[in-house]
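One structure is given below, encoded as structure tokens.
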Amino acid sequence: MHADHAPPDPLDRALGALAEALAPVAGSDPAIVRESLAPPPKHGHADIALAAHRFAKQAGTTPPELAARLAAAARELDFVAEAEAAGPFCNITWAAGRLAADVIEAVRVSRTQGGLVAGSEGEGATVVLDFSSPNAARKLAFHHLRGTVVGASLARLWEARGWSVVRLNFLGDWGHNIGQLLHKLSEIPAGDADHIDPSRLQQLYVEVNEEEAADPDRIKAASGEWLRRFEEQDPVAVRRWQLIVDSTTEALDATYARLGIRFDEYRGESNYVKTAVGVAEELVEAAVARVDPESGAVYVPETDGLQAVVLVNSRGISTYEGRDCAAAVDRHLSFRFDRSVYLTDVGQGGRFAAVFAALDRAGFEWAQALVHLGFGQMRLGGRKAKTRQGTAVPLDDVLDEAVARAETEIATREMDLDDPAETARIVGIGAVVFSQVRMRRTSDFDFDLDSAVAFRGETGPRIQYTHARIMSILRRADVGVEAALSACDASRLTDPLERDVVLAVAAVPGATRKAVETDDPSHLADAAVGLADAWGAYQTAGARERPDLRVLATDADLRRSRLGLAAATACGIRDIFGVLGVECPDRM
RNA sequence: GCGCCUGUAGCUCAGUUGGAUAGAGCAGGGGACUUCUAAUCCUCAGGUCGGGGGUUCGAAUCCUCCCAGGCGCGCCA
């Protein structure tokens with residue numbers, strides 16, 4: 001299943017071997033047994049369980065009897081510590097020392113293979129990912145946050161799994177708003193027109209909208225006229241348009257940089273305004289689209305559950321959907337993708353489904369590789385965070401606020417840091433980023449800066465803190481991560497609290513696979529929380545009521561074992577946060 | 001009107017495709033700093049899984065009907 005050079009996954013191997021051993025007893029296929037293995041409810045003590053109900057009839061016995069037989073078979077395995085029937089369930093506990101040794105070794109090996117999140121599903125394949133999708137002349141706003149952060153995370157995840165990823169930003173650089181600005185720029189003296197400061201552009205945008213509110217007819221006419229001039233490649237219009245786009249991307253890139261994000265491609269919507277008409281004609285020739293005899297508009301009629309799509313309006317101008325079609329063609333020609341992904345809010349799913357289906361029926365065989373991934377709607381204090389001109393919350397403001405709060409928090413502690421401001425930046429931004437990837441991709445959720453930046457509970461900063469505490473221990477021991485992993489004798493890690501940490505580390509590869517399968521980085525966030533929970537309980541116990549669990553034990557062998565576990569945990573957190581886009585300071 | 005989505009603790013969310021006594025975090029109560037970083041940890045309390053009916057050994061999960069929200073539905077982007 002896994003490519004040779006992907007790091008080993010001991011838990012996966014153990015589950016596979018267990019399924020192989022139990023399948024004959026259950027009278028079923030190993031793959032089916034494997035799928036049925038599930039963690040028991042919280043109150044149980046076992047690590048993994050198999051419900052015997054579904055196999056009993058086939059095995060010609062009752063569920064409790066079969067569970068007993070399964071337990072007997074499981075006990076024979078050297079990596080199983082105990083197995084027992086509890087009514088119709090067979091509960092299995094892994095042999096702690098054995099699993100720990102495999103897990104630490106897997107982490108050690110993974111250091112040279114791209115980390116615990118590495119994999120090879122995407123080897124040799126190219127995926128184009130369209131995400132963020134801002135509009136010209138507007139700042140990146142709060143409502144762009146989710147798609148931007150999740151998209152960047154997916155891009156890193158796919159790269160870790162071998163894909164060649166094209167990060168593509170589809171800029172809204174055409175339409176009424178652009179027309180307004182082309183017109184408004186008439187007010188700028190020619191001498192200033194080499195460059196427009198982003199904040200100035202923003203200001204012009206607000207002003208022209210105010211003017212339009214006061215005198216709609218005049219501004220709409222002027223805007224339409226400028227848009228037409230731009231389409232005809234009028235030199236003045238083209239130059240103004242370029243100023244707008246340059247100023248916009250300058251501002252956008254500054255904000256993206258704060259989030260550690262860069263794009264490989266900016267493709268503006270305006271590139272497709274004309275080519276979309278040609279693509280629409282192709283769809284008409286393929287009998288997928290029609291020309292409305294009355295209006296002259298080109299549209300794809302409603303078909304089996306898919307909404308109708310207008311490609312060209314009655315004035316002969318392409319619509320957004322028409323441009324989507326043209327852009328899809330362009331992406332195929334430019335990148336020869338194996339998969340072309342559009343990450344937008346879930347509400348646009350219907351539209352994309354209709355567009356993709358139209359391209360497919362028109363005979364573009366690559367249209368099968370077009371997929372829409374939706375993310376849940378963001379709410380701000382229970383209200384819809386909508387784009388309303390001028391009133392949208394700039395993302396930079398949110399980031400500034402998060403960093404400011406981290407600064408305040410840092411000021412209250414005694415830890416002396418080389419660069420408190422830099423730490424505050426990492427913690428504040430990390431808190432915001434983590435809040436976005438924590439939820440399942442498709443869940444709507446209510447964003448509240450206070451809870452995102454609370455720095456306690458299931459937050460980025462708490463996980464960063466866990467990592468920093470581990471690094472602090474390694475510093476005291478004067479040992480590096482690699483050395484600690486190599487020197488570890490994991491068979492000494494037998495305390496239940498240590499076992500929990502081992503299991504949390506062991507869960508990382510599986511969580512990554514799940515994230516890939518579901519195109520959802522939140523499963524990685526879960527694994528990171530699991531690491532922080534397990535390590536936090538262990539380290540705090542060692543520091544308080546359980547001095548026998550101190551990592552820096554006097555017994556040299558034990559100390560080496562625990563340092564190895566510490567290093568493995570730090571690696572797990574770092575590997576995951578690397579994909580999620582959260583930095584991990586060594587001190588905080 | 002048609003279609004899709006959502007409804008789980010006071011709040012924000014999980015729930016591994018039908019399995020055991022439905023889980024976390026926050027907020028609330030009670031504890032642990034001479035100790036490897038208290039941005040931590042331990043503990044308690046908190047639920048008719050929106051409601052009714054159905055399917056079966058077994059339902060938060062599948063079917064159906066209601067109720068309450070949200071989103072989309074041929075010339076906006």
Side-chain angles (χ1 to χ4, degrees), chain A residues 35-44 49 51-54 56 63 86-89 91 133 135 172 174-177 269 290 292 295-302 305 307-315 317 319-323 345-351 354 374 376-377 384 387 406 409-410 412-415 427 438-440 442-448 450-451 454-459 461-466 468-477 510 514 522-523 526 529 532-533 535-545 547 549-553 562 566 587-588:
Chain A
E35 281 175 24
S36 306
L37 285 165
K42 261 294 190 260
H43 49 82
H53 310 87
R54 58 188 298 191
F89 297 92
N91 291 329
S133 314
N135 289 308
W174 199 85
H176 178 61
N177 292 334
E269 202 187 330
R290 292 180 199 155
D292 186 273
S295 67
V298 182
Y299 70 104
V300 180
E302 193 179 326
Q307 63 194 52
V309 181
V310 174
L311 302 172
V312 179
N313 71 19
S314 53
R315 287 167 298 151
I317 297 170
T319 64
Y320 190 64
E321 285 77 10
R323 281 169 238 146
D345 68 279
V346 289
Q348 297 192 52
R351 235 197 63 227
Q377 193 176 61
K384 203 158 78 168
T387 340
E409 182 71 28
I410 285 169
T412 66
R413 31 196 86 245
E414 292 173 5
M415 190 76 190
V427 172
R438 200 184 97 203
M439 312 292 186
R440 293 287 172 262
T442 54
S443 301
D444 288 353
F445 92 110
D446 216 328
F447 180 84
D448 171 43
D450 290 327
S451 44
F455 302 159
R456 65 186 68 236
E458 292 180 356
T459 66
R462 193 195 114 214
I463 298 166
Q464 289 171 322
Y465 177 65
T466 305
R469 286 167 85 199
I470 293 172
M471 295 315 287
S472 171
I473 294 176
L474 294 180
R475 274 196 303 275
R476 275 170 191 265
K514 186 162 188 178
S522 70
H523 293 104
D526 288 354
V529 169
D533 283 348
W535 184 267
Y538 174 58
Q539 180 172 345
T540 305
R544 316 261 164 218
E545 71 272 17
L549 284 182
R550 278 177 69 87
V551 173
L552 301 176
R562 289 173 175 170
R587 296 168 212 261
M588 65 183 274

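Note that the structure is a prediction, hence the values are computed from the model and not measured. Throughout, a chain's letter reflects where its sequence line sits, starting with A, and its residues are numbered from 1.
- A/Gly536 comes within contact range of the sugar-phosphate backbone alone, with a heavy-atom separation under 4.0 Å but no base atom that close.
- The residue A/Arg323 sits close only to the backbone: its heavy atoms come under 4.0 Å of sugar-phosphate atoms, none of a base.
- The residue A/Val551 sits close to a base: some heavy atom pair falls under 4.0 Å.
- Picking from B/rG19, B/rC36, B/rC75 the nucleotide with the shortest atom distance to the side chain of A/Ala297 gives B/rC75.
- Among the protein residues, A/Pro88 comes within range of no part of the nucleic acid, since none of its heavy atoms lies under 4.0 Å from any strand.
- Using a 4.0 Å heavy-atom cutoff across all strands shown, A/Asp292 reaches no nucleic acid atom at all.
- At a threshold of 4.0 angstrom between heavy atoms, the contacts of A/Asp450 with the nucleic acid are absent.
- Distances were taken from every side-chain heavy atom of A/Arg413 (C-beta onward) to each of B/rC36, B/rA39, B/rC41; the shortest belongs to B/rA39.
- Each of A/Glu545 and A/His523 has a nearest nucleotide on RNA chain B; the 5'-most of these lies closest to A/His523.
- In this model, the phosphate group of B/rU40 is not approached by any side-chain N or O of A/Arg544 to a distance below 4.0 Å at OP1 or OP2.
- Nucleotide B/rU40 carries an anti base; the chi torsion (O4'-C1'-N9-C4 or O4'-C1'-N1-C2) is more than 90° from 0.
- Across all strands, A/Ile317 comes closer than 4.0 Å to no nucleic acid atom at all (heavy-atom distances).
- Residue A/Gly347 is classed as a sugar-phosphate contact, given heavy-atom separations below 4.0 Å to backbone atoms only.
- Atom-to-atom, CD1 of A/Ile463 to P of B/rC41 comes out at 11 Å; the value is rounded to the nearest Å.
- In this entry the distance linking CD of A/Glu458 with C1' of B/rA24 reads 5 Å, nearest Å.
- A/Val298 places none of its side-chain heavy atoms less than 4.5 Å from the side chain of A/Arg290.
- In this structure, A/Pro63 reaches neither bases nor backbone, as no heavy-atom distance under 4.0 Å exists between it and the strands shown.
- If you check every strand for non-hydrogen atoms under 4.0 Å, A/Thr319 touches sugar and phosphate atoms only.
- Base pairing annotation: B/rA68 forms a Watson-Crick or G-U wobble pair with B/rU6, both donor-acceptor distances under 3.5 Å.
- Across all strands shown, A/Val427 has heavy atoms under 4.0 Å from base atoms, whether or not it also approaches the sugar-phosphate.
- With B/rA38, B/rC36, B/rA24 as the candidates, the nucleotide lying closest to the side chain of A/Tyr465 is B/rA38.
- Nearest to the side chain of A/Arg440, among B/rC57, B/rC71, B/rG15, sits B/rG15.
- Note: A/Arg475 CZ to A/Ile470 CD1 = 11.5 Å, rounded to the nearest 0.5 Å.
- Ranking B/rU35, B/rA77, B/rU37 by closeness to the A/Met415 side chain, first place goes to B/rU37.
- Both geometric conditions, a ring-centre gap below 5.5 Å and a plane tilt below 30°, are fulfilled for A/Phe89 over the base of B/rA20.
- A/Leu549 comes within contact range of at least one nucleobase, with a heavy-atom separation under 4.0 Å.
- Ion pairing of A/Glu409 with A/Arg413 is present here, as a side-chain N (NZ or NE/NH1/NH2) and a carboxylate O approach within less than 4.0 Å.
- Going from atom CZ of A/Arg462 over to atom C1' of B/rC41 covers 10 Å, rounded to whole Å.
- Nucleic acid contact for A/Glu269: sugar-phosphate only, since backbone atoms but no base atoms lie under 4.0 Å from a heavy atom of the residue.
- Among the heavy atoms of the strands lying under 4.0 Å from A/Gln307 are primed sugar atoms or P, OP1, OP2 only; no base atom is included.
- Between A/Arg438 atom CZ and B/rC26 atom P the separation is 10 Å, expressed in whole Å.
- For A/Ala49, taking side-chain heavy atoms from C-beta onward, the closest of the listed nucleotides B/rA20, B/rC41, B/rG23 is B/rA20.
- A gap of 11 Å separates the C1' atoms of B/rU56 and B/rC62, to the nearest Å.
- No donor-acceptor pair closer than 3.5 Å links the side chain of A/Ser443 to the backbone N or O of A/Phe445.
- Distances from the side chain of A/Arg315 to the nucleotides B/rA20, B/rC76, B/rU37 place B/rC76 closest.
- Checking B/rA77, B/rG19, B/rC36 against the side-chain heavy atoms of A/His53 singles out B/rG19 as nearest.
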